[in-house]
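Working notes, beginning with the structure itself.
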Amino acid sequence: MAMQMSQEELLEIRGDLAGQLLLIWDVIKAPVIVPLVRLGVYLCLTMSLMLFMERLYMGVVIILVKLFWKKPEKRYNFEPIPDDVELGSSIFPFVLVQIPMFNEREVYKISIGAACNLSWPADRLVIQVLDDSTDPVIKDMVELECQRWASKGINIVYQIRENRVGYKAGALKEGLKRSYVKDCEFVAIFDADFRPEPDFLRRSIPFLTRNPDIALIQARWRFVNADECLMTRMQEMSLDYHFTVEQEVGSSTHAFFGFNGTAGVWRIAAINEAGGWKDRTTVEDMDLAVRASLRGWKFVYLGDLQVKSELPSTFKAFRFQQHRWSCGPANLFRKMVMEIVKNKKVRFWKKVYVIYSFFLVRKIVAHMVTFFFYCIMLPLTILIPEVEVPIWGSVYIPSIITILNSVGTPRSIHLLFYWILFENVMSLHRTKATLIGLLEAGRVNEWVVTEKLGDGLRNKPNAKDKPPTSAANKAPVKRFRSKLIDRYVYI
């Protein structure tokens, strides 16, 4: 009987607690909850309008560019460098090719092979493999591949460091300090999963040689594994819009855009003038591009120059990549906004474009409005009917933005529904990373290298892929050990 009474009392207490909570809700709902939700809706509608106007502006500009703008070859007086029998290779500038790597077991052969097959005079080209691998087996495999190409007459350098200070930025920075780089005017950078066509340098370098005010040539990425799964198709849609619209608009209107970190050619003098590579954020490529632009350098995007690459095909790899790509720009904005405002070398409207369009809307607002508006505020208005959202804000604007985002990949327009779900799911992760960057919280400088699978799923490495241990099988290698260790591969 006592047990039964205690249960009844417990039910009564629970009922009283629920009733008290409902009473508290009714008391604070009208004076507190409704105004807060209404304020949140207004803020989200404002951000949504900002994003809509930005997308509309870029849509109009890209139409004008396609219809009326001259192609980059005409705007910048492109002329290929001729093969002159009398002058030989002396008319070709010295070019450095950097390939940063970190435990790239599956793709190292592809990138090194593509770089070594570039159509450029061998005596005017230096290929630098910057290997930060921590796996000694992979290090030996990469070094052996460099030796194999060296035996064919390729001027290739295998370079390692004793530590990974600065990650990719640190490796690129140390690579430019080598004595053999002093004669190089330009540097082409390719991540380990990128495979340029043989004519890449011949189609990009002439823009730099004929236009001394151009610092960067950026090529477009193409994805060899876009059809691997639904997630890679979603990534392709987002990145194709980035290249087809955002990069093209920036290049055509302000000669500025964010360097994508790979598949590009830099003028080394511009890198040095801008202060070199810095590792203060996880977007060292964007950092360098903004600093170079503030010194008056121009950038050119070539949509017709395409380089094959690989998309992350596992959610874990994609999540780490998106954290870096969302956190880094927000943190860079925090560090550089006042430097941009105070800069006197660039015109006012370019400052507005960089601060408002490039950073604020695309790198911050775009992530936050997706999460706070579509994932929080709209569901809350269902629970709180006193707060109304206009149909233009909940239906028309999101629909137009979604359609505009699909123009880069027409073949995937039937996947828009899945793309919307995918973007909403990722918005929480991106918003969290953006806030970490803005506030410089704990994971602000977290760097996890994106995993590349290459053909590893189809062709698992076996024993015969392991590098031979016999000294007789290795080409002579001259090794210099200091803080930075260089292994020169030569015939």
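What you see is a predicted model, and the numbers here were worked out from it, not measured in a lab.
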message = Quick test of your reading: applying ring pair (Phe, Tyr, Trp, His ring centres under 6.0 Å), list the pairs with at least one residue in residues 31-60, sequence neighbours left out, ordered by first then second residue.
response = none
ask   = Going by heavy atoms in the side chains, are Glu386 and Val37 under 4.5 Å from each other?
value = no
request  = Search all heavy atoms of Glu104 against all heavy atoms of Ala192 and return the closest pair with its distance.
outcome  = CG-CB, 3.5 Å
Hey, can you pull the donor-acceptor pairs under 3.5 Å for the side chains in residues 364-384, sequence neighbours left out?
residue, atom, partner, partner atom, Å
Thr370, OG1, Ala366, O, 2.8
Thr381, OG1, Leu378, O, 2.6

Contact list for residues 365-385, test salt bridge (Lys or Arg N to Asp or Glu O under 4.0 Å), sequence neighbours left out = none
ask   = Between Pro93 and Thr209, which heavy-atom pair has the shortest distance, and what is it?
value = CG-CG2, 4.0 Å
key: From CA spacing to verdict: side chain to side chain contact (heavy atoms under 4.5 Å, CB included), Val187, Ile189   = CA-CA 6 Å; Val187 55; Ile189 301 171; 4.2 Å; yes
query = Looking at Pro206 and Arg203, what are the two nearest heavy atoms and their distance?
reply = CD-C, 4.2 Å
remark   = Separation between CG (Asp132) and CZ (Phe102), nearest 0.5 Å, reads 7.5 Å
note = Partner of Leu332 under side chain to side chain contact (heavy atoms under 4.5 Å, CB included), picked from Met286, Lys363, Glu284, is Met286
message = Between Arg430 and Glu423, does any NZ, NE, NH1 or NH2 come within less than 4.0 Å of an OD or OE carboxylate oxygen?
response = yes
query = With sequence neighbours left out, which residue pairs that include part of residues 333-344 fulfil the side-chain hydrogen bond (donor to acceptor under 3.5 Å, both in side chains) condition?
reply = Lys335-Glu440
key: Sole residue of Lys278, Arg280, Lys168 in salt bridge (Lys or Arg N to Asp or Glu O under 4.0 Å) with Asp287   = Arg280
message = Could you measure the distance from the CG atom of Leu49 to the CG atom of Leu56? Nearest 0.5 Å is fine.
response = 11.5 Å
remark   = For residues 276-295, the ring pair (Phe, Tyr, Trp, His ring centres under 6.0 Å) pairs (sequence neighbours left out) are none
task = Only one of Trp297, Phe299, Phe186 passes ring pair (Phe, Tyr, Trp, His ring centres under 6.0 Å) with Trp266; say which it is.
result = Phe299
Pairwise ring pair (Phe, Tyr, Trp, His ring centres under 6.0 Å) hits with a residue in residues 400-426, at least two apart = Phe318-Phe422
Donor-acceptor pairs are to be reported for all side-chain atoms of residues 65-80 against protein atoms at under 3.5 Å, with residues two or more places apart or in another chain.
residue, atom, partner, partner atom, Å
Arg75, NH1, Lys70, O, 2.6

ask   = Residues two or more places apart in sequence or in another chain: which of them pass side-chain hydrogen bond (donor to acceptor under 3.5 Å, both in side chains) with Ser48?
value = none
Distance-minimising heavy-atom pair for Ala219 and Val307 = CB-CG2, 4.0 Å
remark   = By side-chain hydrogen bond (donor to acceptor under 3.5 Å, both in side chains), Lys298 pairs with (sequence neighbours left out) Asp213
ask   = With side chains defined as the heavy atoms from C-beta onward, is the minimum distance between Met101 and Tyr108 less than 4.5 Å?
value = yes
key: Any pair counted as salt bridge (Lys or Arg N to Asp or Glu O under 4.0 Å), so long as it reaches residues 253-269, sequence neighbours left out   = none
All N/O donor-acceptor pairs, side-chain side in residues 252-264, below 3.5 Å, sequence neighbours left out:
residue, atom, partner, partner atom, Å
Ser252, OG, Glu248, O, 2.9
Thr253, OG1, Val249, O, 2.6
His254, ND1, Arg347, NH2, 3.3
Asn260, OD1, Gln247, NE2, 3.0
Asn260, ND2, His242, NE2, 3.1
Thr262, OG1, Asp191, N, 2.8

key: Heavy atoms from other residues, nucleotides or ligands near NZ of Lys351 exceed 12 (cutoff 6.0 Å)   = yes
remark   = Residue pairs meeting salt bridge (Lys or Arg N to Asp or Glu O under 4.0 Å), one or both in residues 395-420, sequence neighbours left out, come to Asp227-Arg411, Glu236-Arg411
message = Does Arg195 form a side chain to side chain contact (heavy atoms under 4.5 Å, CB included) with Ser309? I'd like the steps, not just the answer.
response = CA-CA 6 Å; Arg195 48 204 84 170; Ser309 64; over 6 Å; no
Test side chain to side chain contact (heavy atoms under 4.5 Å, CB included) applied to Val97 and Gln128, step by step = CA-CA 6 Å; Val97 176; Gln128 193 180 62; over 6 Å; no
key: Which atom of Leu288 lies closest to which atom of Ala274, heavy atoms considered   = CD1-CB, 3.9 Å
